[in-house]
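To start, the structure under review is shown below, and the notes come after it.
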Number of protein chains: 2
Amino acid sequence: MRQRVLETAQRLGYRPHRYAQILAKGRSGIIGVLQSSGILQINIQRTHHVLRLIRENGFHPLVADSTGYPAETETACQSLIDARVEGVLLQNASIGPSQIRQFQNAEIPVVALSGGELSHVPQVRADVCQGMLDLTNHLLALGYRRMRLLGLAGADGSGDLAWPTAERIKGFRTALTNAGLQYEDTDVQFSQRPADSMVPYRSGFDGMQRILQASPLPEAVLCSNDDLAIGALCAAAGAGRRVPEDIAVTGFDNSPMSEFTMVPLTTVMHQTERMVRQAMEMLMDLMRGKEIPEADRLVKVPCQLVVRRSCGANQ
Amino acid sequence: MRQRVLETAQRLGYRPHRYAQILAKGRSGIIGVLQSSGILQINIQRTHHVLRLIRENGFHPLVADSTGYPAETETACQSLIDARVEGVLLQNASIGPSQIRQFQNAEIPVVALSGGELSHVPQVRADVCQGMLDLTNHLLALGYRRMRLLGLAGADGSGDLAWPTAERIKGFRTALTNAGLQYEDTDVQFSQRPADSMVPYRSGFDGMQRILQASPLPEAVLCSNDDLAIGALCAAAGAGRRVPEDIAVTGFDNSPMSEFTMVPLTTVMHQTERMVRQAMEMLMDLMRGKEIPEADRLVKVPCQLVVRRSCGANQ
DNA sequence: CTGTTAGCGCCTTCAT
DNA sequence: ATGAAGGCGCTAACAG
């Protein structure tokens, strides 16, 4: 009997009504992904992995993306809550305290992957501080001394930095200090956040143009990400400076493009898959009601140096 | 009374249960987006516009992405059907006849935006044939004669080309013919589709390397998209050839990166927003039960030439 | 204008 | 094993 019903259902191409199931069961089987929209390759790759892993865990992904404007973030979070997601993964996105509270009230666990600083939200991020430290040490070993870090200014222009930039600065300066070098505030050049998140290169271009006006010229410019570095390379070329002969340039993220830039970029690789996997595990644990001990709420996954030509090694 | 209820609901932060609404109303208010995953900037931008427009029309977007493998495409379509979407926008994705039938059976209208050839599905695409023709004419006017088109081979290696490539070849050859030039089959160099959709540059790199072995060297290489062109620029640099002095290179798509490449790329711009808007209108019409007259089922939106330095003009 | 009721399609529980 | 019933939260149709 049961057999016959199932066969007939099969034959008629019957598919259960997911929303009726959700209504009856009280759970949606959906995991939300809140993503900051943009074109940074590393983010696209990470989201790709996130979606795959969500499916592998037997859930349906639902992505909401926000450009980072508070109103839009609010809408995106609300849409996830309305969609009855059972958990949320912040992919390089940050949310405010009010949104965090909303998720808490709805008893929806949240885990952050990369992205800015977030209190009360377990987070997995690349150890960019260590990555930048390794990179700086590498440049020091190559003999560079006068270095400049090129990073993005804070979102609101208020001067407070996004975590990722702050961590990079920390790694950079620690390496300089360890080497017995002095650093000044001016060793960091801030570039304005791109007006259009689809064109991040312009920021690197502008920032590099300003750096190139300095005299003496820095010997090496460390960019906060590969996309900035691409803009920086372009600015250097426009100013008639050769990389790395006249000035070394490095990136960060090891995005697919970084191998095919004007000069192949020396950069720092994230262990993307490992990070995503770890974040998913945390989220699944939370969804099963497990508590995450305080000590494990911030996981830092090491980065690895990728040496190519733009730093002047490997010529 | 009604007032008081609404106020209280507001105060308690009540939100209606979307799935119960869907169940009761019989319509989901969701529009599905089937997208071929990948990192091509033009696609990311287009999807961005698509999502925005879906929301502006009062619907919720749901994206399903597929790497193009038949099994995955099948799953993606099924998930859209299960999600009770009221319409589907194919964004640079193609589906087989069996999937088309599934959508028809479920009475879900489908409109394609860009992407490959699709029978029985209304489509909006950039007029890449005209774009390539304009580009080729531009190069002819600059004096180039020995030109080579670098495109991607068909997905299955069976030799049949994806529409976009075929259209580019058509425009290219038409321009040559109009100029009274002969062309041979060897004027087109096919490069293998990237194994990893996240690294499209390699294909351009490999293809260009093969082109650079020819003697005499072509005077200009027209790449099927900007990402191929980036790989091609890299290969040219690696072989010690200057662009555009030794060999001109052009792209296609006017992706954000194209302005910041080794040499700013001469390329062809799509009218993305207009295309997306038109596709959405078609879909909304279909969802309202309107028929699309045969003549309007394939909309070609003109492309515009963007001249930068890689073609040897604007030096 | 307010109040009531019968589903929407499924799952769960309980009874046979 | 199979069958029957109640309810998930909402909407639409209808009654007062």
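Naming: A, B, ... by sequence-line order, numbering from 1 per chain.
What separates CZ of A:R4 from P of D:dT2 is a distance of 10 Å, to the nearest Å. Taking atom CG of A:D82 as the reference point, atom P of D:dC10 lies 11 Å away to the nearest angstrom. In this structure, A:L12 places its CG atom 15 Å from P of C:dG9, rounding to the nearest Å. Taking atom CD1 on B:I22 and atom P on C:dG9, their separation rounds to 13 Å, with Å as the unit. The NE2-P distance, from B:H17 to D:dG7, rounds to 17 Å in whole Å. When rounded to the nearest whole Å, the span between CG of A:L23 and C1' of D:dC10 equals 8 Å. Atoms CD (A:Q3) and P (D:dT2) sit 10 Å apart, rounded to a whole Å. The nearest whole Å value for the distance from the CZ atom in A:R84 to the C1' atom in C:dC10 is 17 Å.
Salt bridge status for B:R46 with B:E273: absent, with no side-chain N to carboxylate O gap under 4.0 Å.
Of the candidates D:dG9, C:dC11, C:dC10, C:dC10 carries the atom nearest the A:Y14 side chain, counting heavy atoms from C-beta on. Of the candidates D:dA12, C:dC10, D:dC10, D:dA12 carries the atom nearest the B:K25 side chain, counting heavy atoms from C-beta on.
Residues A:M280 and A:N57 have side chains in contact (heavy-atom distance under 4.5 Å, counting atoms from C-beta outward).
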Evaluate the criterion salt bridge (Lys or Arg N to Asp or Glu O under 4.0 Å) for residue pair A:D285 and A:R297; output intermediate values, then yes/no. CA-CA 12 Å; A:D285 281 349; A:R297 295 174 64 85; over 6 Å; no
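Other residues, nucleotides and ligands place more than 12 heavy atoms under 6.0 Å from the CD atom of A:E56. Dense packing is recorded around CD of A:E72, with more than 12 heavy atoms of other residues, nucleotides or ligands lying under 6.0 Å away.
Among B:L89, B:V124, B:L113, the single residue meeting the side-chain contact (heavy atoms from CB on, under 4.5 Å) criterion with B:M282 is B:V124.
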Intra- and inter-strand pairing of DNA chain C, written as dot-bracket with Watson-Crick and G-U pairs under 3.5 Å and | for the latter, reads |.||||||||||||||
